[in-house]
There are 2 protein chains.
Amino acid sequence: MNDVAAHAGVSLKTVSRVVNGLDHVRPDKFERVTRAIETLGFRRNEYARQLRQGTTATIGLVLEDVADPFYSLLTRAVEDVAFERNHVVLAASSAEDPLRARALIESFGARGVDGLIVAPAGGIDAGYLRSELDAGSSMVFVDRPVSGIDADTVLVDSREGAQRGTEHLIGHGHRRIAFFGDDESVYTATERRAGYRAALEAAGIPFDDRLVVMTVPSTAPTSELLDRVLAGPDAPTALFSGNNRWSVRLLRALRDRSDRLAFLGFDDFELSDVLNPGITVIAQDASAVGRIAAELLFRRITGDTSPVQRVQLATRLIPRGSAERPGPFAAR
Amino acid sequence: MNDVAAHAGVSLKTVSRVVNGLDHVRPDKFERVTRAIETLGFRRNEYARQLRQGTTATIGLVLEDVADPFYSLLTRAVEDVAFERNHVVLAASSAEDPLRARALIESFGARGVDGLIVAPAGGIDAGYLRSELDAGSSMVFVDRPVSGIDADTVLVDSREGAQRGTEHLIGHGHRRIAFFGDDESVYTATERRAGYRAALEAAGIPFDDRLVVMTVPSTAPTSELLDRVLAGPDAPTALFSGNNRWSVRLLRALRDRSDRLAFLGFDDFELSDVLNPGITVIAQDASAVGRIAAELLFRRITGDTSPVQRVQLATRLIPRGSAERPGPFAAR
DNA sequence: GTGAAAGCGCTAACAG
DNA sequence: CTGTTAGCGCTTTCAC
């Protein structure tokens, strides 16, 4: 900026005025400055500016894994809102590791993000999140709540969705329904299992622990688990998959088996309608979660101090065949 | 930092030393400072630090759409490398809009990113990219090259892959093969069409423009296009889909038709192996593209001035059935 | 309208 | 080992 000032023969402050375009500058000087900027290829350093102003026009987004379709859709929605508001987004995947999540959040905080959208990893430590909040950055939780922290939260009503899905299977005559969910430490996993269980109990069907698998799908030996769950005299006639990672793995494993099972998955996925039969799902709107969370965040950033909100988005049951008649899922 | 210094009864610089942990500080002062940091909840402002040091420990990533599986995998790989190197990543989707891409890249530049990974949108203006380079940030292009700019580039060998795929179809007896690709402005689309064409010509099969569709899949009336391509006396017996967006749309449209067509897609996708028959694809390793690009970028950031590289990753043909015997793709 | 001076939070360079 | 001074690139204040 100094160089530009020298080049144009004006003071540094005049250049600043031109660059910001708010104050009035006499046309001839304005012209000279503009030209100097052009020839020197000057660009204002945002961070120097923001160091002075105390804002960074940056928000942070921390979730488990951008490569998961649910989160990648959410990310895109957040990016779109941020772009509209002239903010940039620092994005990171915690890989479901609380320590990495912490490192990321703290490094975002140290960079003075105006706000943070976090899908809290299981076993996250509320303490340091509170320090971030105290340090002045707004925060919105998505997908999972964090107890003990006073921040807006945008969730999908997992329990209700799972319950409705299970009822749907029961309505089609199934009484032995297996459930595959994520690890117990994951909020949505236990919520969905709770919904599953509630539906069974409402229908007078006993909850059977042997039909329930709760583990991270990425490392699970899918077909062994299936063997175990499907073994025995009173084998399940339907499968409820608790998330899209499990759905993909289970469908892949089922392809190579002869079992005729009904199937229902939580969270929709691409090609769910191309399989035969189409896969019935409880769909959640990842885009809406991201958009609403971002809008909430910007409201806070711009000074809204109304009471903390907790938004619960409804799910949608999409019947496509797999839950309405028994499989197989890919005719051979 | 001033407050901490006052609280601990030392100079500001001593605090700086403690925070940075490089210089030696006498234990008692170290202790006092540490405690003051603790009680005051002090956190160093990264950007102030970096303003002084001239680096931001930030890289930017601009691609079309994080929600596209190819790019979301790539993003994850970039994030992982960045995390290892203690850098954060500013991520954004250009939505295939050159103006938005430019706005994003310039705003990243103004924030002084150390480096930039860009999947250049079709019709991108090389001029401003060059100014970014001149301004000192390293740059690596992924997925598509930009002519006239001297920067490392990581590509998938689209042409060769498409050629091999087409040869595969020809090898299975097909002579009328339709090709669906992205808009002409997209580098990979024309490359793949060129590979397709080369294979035809090598086999002495005339290239027929009526069998080629080049348009953005998201807005295309898929089934009308299919109607048109499949009409006529000499209808195609095989479909070559130029990217995973087209694959999904085509497979969906084909589900409702009775045509018996062989199918081969460029770029693998989830569930490609669960469909029946499994979908034969030319797979590209999105993760590897991201990882290699990031590593290249960090090499430049850390001062490597060796000649510009152009990395071409090979594709992999994965035969699963859809190209080896005619469809349908989802038995009914 | 314009400019000089101070300072955002930090580190580099130097002196002690 | 420790402190002082200057300055990163910009905006704010206030005087002209």
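Just so it is clear: chains get the letters A, B, ... in the order the sequence lines come, proteins before strands, and each one is counted from 1.
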Visitor: Verify the ring-centre separation between B:H24 and B:F30: is it less than 6.0 angstrom?
Guide: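 So the answer is no for these two rings.
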
Visitor: Check this for me, if you would: do B:E96 and B:R144 make a salt bridge, where the nitrogen-to-carboxylate-oxygen distance has to be below 4.0 angstrom?
Guide: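 Yes, this pair counts.
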
Visitor: Could you label the plane-to-plane angle of the A:F298 and A:H87 rings as parallel, tilted or perpendicular, counting under 30° as parallel and over 60° as perpendicular?
Guide: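 Rings of A:F298 and A:H87: perpendicular, over 60°.
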
Visitor: Could you report the tightest heavy-atom contact between B:L73 and A:A67, atom names first, then the distance?
Guide: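 Answer, listing the atom of B:L73 first, then A:A67: CD2-CB, 4.1 Å.
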
Visitor: Would a distance-only check, ignoring hydrogens and angles, find a side-chain to backbone donor-acceptor pair under 3.5 Å from B:E79 to A:S93?
Guide: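 Pair found, side chain donor or acceptor close to backbone of A:S93.
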
Visitor: Would you kindly say whether A:D183 and A:S185 are connected by a side-chain donor-acceptor distance under 3.5 Å?
Guide: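 Looking only at side-chain atoms, A:S185 and A:D183 do form a donor-acceptor pair, the distance falling under 3.5 Å.
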
Visitor: Mapping B:G9 and B:L51 to their closest nucleotides on DNA chain D, which lands nearer the 5' end?
Guide: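 In this pair, the answer is B:G9.
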
Visitor: Within the distance-only criterion (no hydrogens, no angle test), does the side chain of A:D65 pair as donor or acceptor with the backbone N or O of A:A95 below 3.5 angstrom?
Guide: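 Not confirmed, A:D65 side chain does not pair with A:A95 backbone.
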
Visitor: Cut-off 3.5 Å, side chains only: do B:D143 and B:Y187 have a donor facing an acceptor?
Guide: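 There is no such pair between these side chains.
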
Visitor: Under the 3.5 angstrom rule, does the side chain of A:R43 hit a backbone N or O of B:E132 as a donor-acceptor pair?
Guide: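 A pair under 3.5 Å: no.
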
Visitor: Reading nucleotides 10-16 of chain C 5' to 3', which nucleotides get B (base under 4.0 Å from a protein heavy atom), which S (sugar-phosphate only), which -?
Guide: SBB----

Visitor: Between the two end axes of the helix from C:dG1-D:dC16 to C:dG16-D:dC1, each built from 5 base pairs, what angle do you get to the nearest 10°?
Guide: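 Inter-axis angle at the termini of the helix from C:dG1-D:dC16 to C:dG16-D:dC1: 40°.
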
Visitor: Need two values: the first and the last nucleotide of DNA chain D, 5' to 3', having an atom under 4.0 Å from any heavy-atom of chain A.
Guide: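 On DNA chain D, the outermost contacted nucleotides are D:dG9 to D:dT12.
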
Visitor: Closer than 3.5 angstrom, by distance alone: can the side chain of B:T153 be matched with the main-chain N or O of B:A151 as a donor-acceptor pair?
Guide: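 Yes, B:T153 side chain to B:A151 backbone: donor-acceptor pair under 3.5 Å.
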
